[in-house]
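Below: one structure, written as structure tokens.
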Number of protein chains: 2
Amino acid sequence: MAQATIRDVAREAEVSVASVSRALNGAENIRADTRARVVAAAEKLGYVPHAGARSLSMARAHAIGVVLPDLHGEFFSEIVRGMDKEASARGFHLLLSNMHADLNDAVHALRAMRGRVDGLVVMAPHLDAAELMRNMPQNVPAVLVNCRADQGTPALLVDNVGGADTMVRHLLGTGRRAIAHVTGPSGNLDAEERLAGFRLSMRRHAGVDDPLVLPGDFSEEAGAAATRALIAGGQRVDAIFAANDMMAIGCMLALREAGVSVPEQIAVAGFDDIPVARYLHLTTMRVPIAGIGALAVTRLTDQLSGRGNPAATELHAPELEVRATTTAHKKEGRTRT
Amino acid sequence: MAQATIRDVAREAEVSVASVSRALNGAENIRADTRARVVAAAEKLGYVPHAGARSLSMARAHAIGVVLPDLHGEFFSEIVRGMDKEASARGFHLLLSNMHADLNDAVHALRAMRGRVDGLVVMAPHLDAAELMRNMPQNVPAVLVNCRADQGTPALLVDNVGGADTMVRHLLGTGRRAIAHVTGPSGNLDAEERLAGFRLSMRRHAGVDDPLVLPGDFSEEAGAAATRALIAGGQRVDAIFAANDMMAIGCMLALREAGVSVPEQIAVAGFDDIPVARYLHLTTMRVPIAGIGALAVTRLTDQLSGRGNPAATELHAPELEVRATTTAHKKEGRTRT
DNA sequence: CCATACTATGTAACCGGTTACAGCGAAGGA
DNA sequence: TCCTTCGCTGTAACCGGTTACATAGTATGG
């Protein structure tokens, strides 16, 4: 026996489908006893409204599509958690779709959402603006997170340049001068901005025009490899600033392997403040990931209900989190939670 | 101008809607030039099929609902990653919904999925079987993960009892006898099973009928608090087995605060093997979280297409991961990745 | 040359809701 | 008593697709 439909309920309660709809959706213009009969019939038949049908006729799905790049661990968890919290508070569901590096994938992911969601949150640090805009559905509101977006599209950005600058100044402030940067994958927006911020800051505050830059790809292994290469090359360095925490962790492992002490001989810093960073006492720039996710949903739902200034672009400054990997060794890192 | 519909495309291509549908869905019975005209028209109008309408008429949403309890960090990320990978490989989307401890929440979450998804993956270690089954939609296939389920419902379970037993035997094997257990929240299935396994194993292999059990709630702070209470109480213990890794981490922090050395004076072990555990050299039972997520989706989609043995219950044994917190201190933990 | 089979296409019903509009009975006013 | 108004209910169109069935056109065989 298939699930009961609204017509089954109508038959059972001996009313029309319109009355059933009205009764169950809390309309005013219905007699109390009719409503009671309908509710009883629905209960008896175990009726549950068909959300798909409803969203078709109401042109409102009460769902928002989330398109993310291939999900790097904790980052993913955090942003989805933030979105989910906000979305469920506002009565929305989250429809997930991750796209891989391939552009066709992205197109497919975006298209598959049409007619299923009321709006989109898109995060695509690896696509360029033109490609992205060409593939965005025209009539679906969207909020872009960390994307190379054209102006006029609602967007949330992390101030990577400013964050890198803050970190460089912190390192300089602890007396380090020979700072190496390990980059993220080429083509990645965050990676490029962090590198640019690093270069800018080194020129401006250290007077270094051509600082040491090692290629990486955001993975722990890349951080370790870059560090081993650095050591093998005999470069003299007193700090490594990795473009994200995972690589910074890789750096630390490689340094320990090589018997280099952190932070005495070489300081290490990362970017993101993933949960592991705290336990490893890693100095990093905290990106409020969950907060950004929540905000993206807030912005989107506001836009859907006509509130707020949709086109605004917001820049979120990460916050410096100083821990033991860049400070003089004083017994133990702080135990703040 | 609203999004183009299939009728707009039909008008543009001067054919019927049926032909448009056939042309775009790769049906055989359509002339090549007709198909070309349709494709051109669709392209010109920027037509994207309305997934909601399609799933209504086909009674197939190509989406699976995921209902999770309030998401504890890494666990969540891992299981969703596993599901997403498998789901997108099979052409399914994931519709997320987290329910909080409240039962009404759970009911609401389950109902809201009807008509939006083809099946459900439900994880609810805090609800009891009767409640759960009463609230499961009747005609929606579902796979339960770590639930108190009636038999006959497809389910995936972690062998918590066996895992706890393995850990106890490991600790006994390293010479520890006075082992305390820090439990998870009461009412939680995993917590109860792990406690039961601990008690069973202590009786059977250590001859201890009433081992020391400290209440916890799976949080880092609870682990620390339990440990402080233990120390303050002057209990003599040479190992702490926490019901999950977060609490084990809390234990380690509290022990360090108190100047107790790990593992020399007290060994510490956890359960789950969250990513952080490796970096902290925490001995733990590895639960293949992502694998279970992927498997849940596989089971569900198989069931949807009539393959596989739907009603089977599978038990997944976690694997002992020995690290430095339970082994004699020999300079440094292994650096395996 | 006509019956038959097969192919390409169109028409309209259907999926399961919502809702504009029409209709009907009762109450109120003249 | 009749007309208007109002409150409740039902009918049917609609959302945007898919698809069973009918039909027209063409090729095939006797």
Side-chain angles (χ1 to χ4, degrees), chain A residues 1-38 41-42 45-63 111-118 137 139-140, chain B residues 1-38 41-42 45-63 111-118 137 139-140:
Chain A
M1 177 197 56
Q3 265 286 3
T5 72
I6 197 173
R7 288 167 228 272
D8 298 324
V9 177
R11 196 175 313 120
E12 176 74 24
E14 298 182 302
V15 295
S16 71
V17 292
S19 290
V20 175
S21 180
R22 285 190 274 254
L24 298 180
N25 292 314
E28 286 302 315
N29 52 344
I30 186 158
R31 258 175 36 213
D33 65 329
T34 308
R35 183 192 306 270
R37 267 217 319 289
V38 169
L45 298 180
Y47 171 70
V48 179
H50 189 288
R54 184 197 300 242
S55 70
L56 179 59
S57 73
M58 302 220 295
R60 212 55 154 46
H62 282 285
R111 296 183 119 232
M113 293 269 176
R114 133 104 201 195
R116 247 184 233 284
V117 300
D118 300 322
N139 296 289
V140 179
Chain B
M1 178 195 58
Q3 267 285 2
T5 73
I6 197 173
R7 288 168 229 271
D8 298 324
V9 177
R11 195 175 315 119
E12 176 74 24
E14 300 181 300
V15 296
S16 71
V17 292
S19 291
V20 175
S21 180
R22 285 189 275 255
L24 298 181
N25 292 314
E28 287 301 318
N29 51 345
I30 185 158
R31 257 175 37 213
D33 65 330
T34 308
R35 183 193 306 270
R37 264 214 325 287
V38 169
L45 299 180
Y47 171 70
V48 179
H50 190 289
R54 180 194 304 234
S55 70
L56 179 58
S57 73
M58 304 220 295
R60 214 54 156 44
H62 283 286
R111 297 184 116 228
M113 293 269 177
R114 133 105 206 208
R116 249 184 230 283
V117 301
D118 299 322
N139 296 289
V140 178

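A, B, ... follow the sequence lines: proteins, then strands. Residue 1 opens every chain. Because the structure is predicted, anything quoted here is derived from the model rather than measured.
Between Gln3(A) and Asp8(A), the closest side-chain pair of non-hydrogen atoms is not below 4.5 Å.
The main-chain N or O of Gly52(B) is never found under 3.5 Å from a side-chain atom of Arg116(A) such that the two would form a donor-acceptor pair. Remark: side-chain polar atoms of Arg60(B) are not paired, donor with acceptor, to backbone N or O of Ser55(B) under 3.5 angstrom.
Scanning both residues, Leu24(B) and Tyr47(B), for their nearest heavy atoms gives CD1-CE2, 3.5 Å.
No contact: Ser55(B) has no heavy atom under 4.0 Å from any strand. Ala18(A) comes within 4.0 angstrom of a nucleotide base, judged by non-hydrogen atoms across all strands. Note on Arg35(A): nothing from the nucleic acid sits closer than 4.0 angstrom, heavy atoms only. Among the atoms of the strands shown, none is found under 4.0 Å from any heavy atom of Arg60(A).
Comparing Gly52(B) and Ser16(A), the nucleotide of DNA chain D nearest to each residue sits closer to the 5' end for Ser16(A). Take the nearest nucleotide of DNA chain C for Ser21(A) and for Ile30(B): the residue whose nucleotide is more 5' is Ile30(B). Two residues, Ser57(B) and Val17(B), neighbour DNA chain C, and the one matched to the more 5' nucleotide by heavy-atom proximity is Val17(B).
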Where do Val140(B) and Arg114(B) land on the side chain to side chain contact (heavy atoms under 4.5 Å, CB included) test, with the steps shown first?
CA-CA 8 Å; Val140(B) 178; Arg114(B) 133 105 206 208; 5.6 Å; no
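Listed by first then second residue, pairs satisfying side-chain hydrogen bond (donor to acceptor under 3.5 Å, both in side chains) with a partner in residues 21-30 of chain A read Ser21(A)-Asn25(A), Asn25(A)-Arg54(A), not counting sequence neighbours.
The separation between Arg22(A) atom CZ and dA20(C) atom P is 10 Å, rounded to whole Å. Across the protein-nucleic acid pair, Met58(A) atom CE and dA20(C) atom C1' stand 16 Å apart, rounded to whole Å. The interatomic distance linking Asn29(A) (CG) with dA20(C) (P) rounds to 11 Å, in whole Å. In this structure, the CD atom of Glu14(B) is 15 Å from the C1' atom of dG10(C), given to the nearest Å.
Interface limits on DNA chain D: the 5'-most and 3'-most nucleotides within less than 4.0 Å of chain B heavy atoms are dG16(D) to dT19(D).
For Val15(B), the side chain to side chain contact (heavy atoms under 4.5 Å, CB included) test picks out Ala13(B), Ser19(B), Val20(B), Thr34(B), Arg37(B), Val38(B), with sequence neighbours left out.
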